[in-house]
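Here's the structure we're looking at; comments come further down.
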Amino acid sequence: MKLIVPFYIMLQLCYSWPVPVDKVKNEAKLLAQTTIIRIEKHTNQFKVSPNVIISGLELIPDSSSDKALDSLGSVEENLGIFQEILSSLPIDNVDQILADVVNLQTIIRSLAASISCAPLKSRNTDHLENFLKNNSTFRFTIGNVALDRLQKYLLKLIRNLDQLKKC
């Protein structure tokens, strides 16, 4: 049996209006908030002393300063760093958090595209890869530091997303 679909229905299926930027920002905030809750649940199970010192942790974005987020490009890049860390370290039960970070990065890319930002150039991640490889024995500590910083970064993103209007 052959199914024949009228042309006007095909047009409706293939064409859509652009999603308003405010709606995309709200989706980003909601996803960030959901990820924060997931991180809280995860870190409550696996606490690590905040006094542990490992050289190289400066490669993990730290949003502890009062400075607002810089640009959509820097947000996308930092989410990429968190993605790299979470996917490289064999940490249990972070698959959903990793998927949330990937999806949030995609939303930030679409926001950047909506204000005509050029796609981000691929960054050199050799230092981060070497750090993760050389410190694989500290995967739980590094993972928990990364999750803690990701949580703080997402809180800052929620507060500052409406002000991010530059590439």
Side-chain angles (χ1 to χ4, degrees), residues 24-113 117-164 166-167:
V24 175
K25 286 182 180 180
N26 287 336
E27 288 176 8
K29 289 176 185 179
L30 181 62
L31 181 56
Q33 188 62 43
T34 303
T35 308
I36 289 168
I37 292 167
R38 287 188 175 122
I39 292 169
E40 284 173 358
K41 286 180 181 178
H42 185 275
T43 55
N44 285 338
Q45 292 176 338
F46 307 102
K47 291 272 186 204
V48 173
S49 171
N51 299 325
V52 174
I53 298 173
I54 300 174
S55 66
L57 289 178
E58 66 277 356
L59 296 170
I60 303 172
D62 188 2
S63 62
S64 59
S65 71
D66 291 333
K67 187 178 138 189
L69 298 178
D70 188 29
S71 65
L72 290 171
S74 68
V75 171
E76 181 185 346
E77 183 175 354
N78 285 334
L79 290 173
I81 292 169
F82 286 116
Q83 176 188 350
E84 178 80 26
I85 293 166
L86 293 176
S87 63
S88 297
L89 296 173
I91 307 170
D92 293 334
N93 304 319
V94 294
D95 294 339
Q96 186 59 55
I97 296 170
L98 177 59
D100 291 347
V101 170
V102 171
N103 289 332
L104 190 55
Q105 190 178 25
T106 302
I107 291 171
I108 296 299
R109 269 192 209 116
S110 71
L111 282 173
C117 296
L120 209 60
K121 294 178 183 174
S122 60
R123 63 190 191 289
N124 184 355
T125 59
D126 290 344
H127 292 300
L128 181 60
E129 288 172 12
N130 288 334
F131 167 72
L132 294 171
K133 186 170 57 173
N134 293 335
N135 293 289
S136 63
T137 55
F138 305 113
R139 68 179 186 265
F140 294 114
T141 303
I142 293 169
N144 281 305
V145 168
L147 287 172
D148 180 60
R149 290 186 185 181
L150 174 60
Q151 184 177 16
K152 290 173 183 166
Y153 190 83
L154 294 175
L155 285 168
K156 187 174 259 190
L157 178 63
I158 291 169
R159 287 192 307 267
N160 293 286
L161 187 60
D162 292 328
Q163 289 80 30
L164 286 175
K166 66 178 186 173
C167 299

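Every heavy atom of this structure was used, including side-chain atoms; hydrogens, water molecules and symmetry mates were not. Residues take their numbers from the sequence shown, with the count starting at 1.
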Working to the nearest 0.5 angstrom, can you tell me the gap between Lys152 NZ and Leu150 CG? 11.5 Å

When every non-hydrogen atom of Leu31 is compared with those of Ile107, the smallest separation belongs to CD2-CD1, 4.1 Å

Flag the pair Leu164 / Ile108 as yes when at least one side-chain heavy-atom distance between them is below 4.5 Å, and no otherwise. no

Pairing residues for Gln33 by the side chain to side chain donor-acceptor pair (under 3.5 Å) criterion, not counting sequence neighbours: none

At their closest point, which heavy atom of Ile36 faces which heavy atom of Gln151, and how far apart are they? CG2-NE2, 3.7 Å

Contact summary for Ile142 and Phe131, nearest pair of heavy atoms: CD1-CZ, 3.8 Å

Compare all side-chain heavy atoms of Leu154 with those of Leu79 and state whether any distance is below 4.5 angstrom. yes

Non-neighbouring partners of Arg38 that pass side-chain contact (heavy atoms from CB on, under 4.5 Å), sequence neighbours left out: Thr34, Gln96, Ile97, Asp100

Taking side-chain contact (heavy atoms from CB on, under 4.5 Å) as the definition, give me every residue that meets it alongside Asp162, ordered by chain and number, with sequence neighbours left out. Lys25, Lys29

Within the distance-only criterion (no hydrogens, no angle test), does the side chain of Asp148 pair as donor or acceptor with the backbone N or O of Asn144 below 3.5 angstrom? no

Are any non-hydrogen side-chain atoms of Asn160 and Val75 less than 4.5 angstrom apart? no

Under the side-chain contact (heavy atoms from CB on, under 4.5 Å) test, which residues partner Ser74, sequence neighbours left out? Asp70, Ser71

Can you tell me how far the CD1 atom of Ile158 sits from the CG atom of Leu30, to the nearest 0.5 Å? 9.0 Å

All pairs passing salt bridge (charged side-chain N to carboxylate O under 4.0 Å, His left out) where residues 71-80 contributes a residue, at least two apart: Glu76-Arg109

Please set out all donor-acceptor pairs under 3.5 angstrom arising from side-chain atoms of residues 81-91, sequence neighbours excluded.
{"from": "Ser87", "atom 1": "OG", "to": "Gln83", "atom 2": "O", "distance (Å)": "2.9"}
{"from": "Ser87", "atom 1": "OG", "to": "Glu84", "atom 2": "O", "distance (Å)": "3.2"}
{"from": "Ser88", "atom 1": "OG", "to": "Glu84", "atom 2": "O", "distance (Å)": "2.7"}

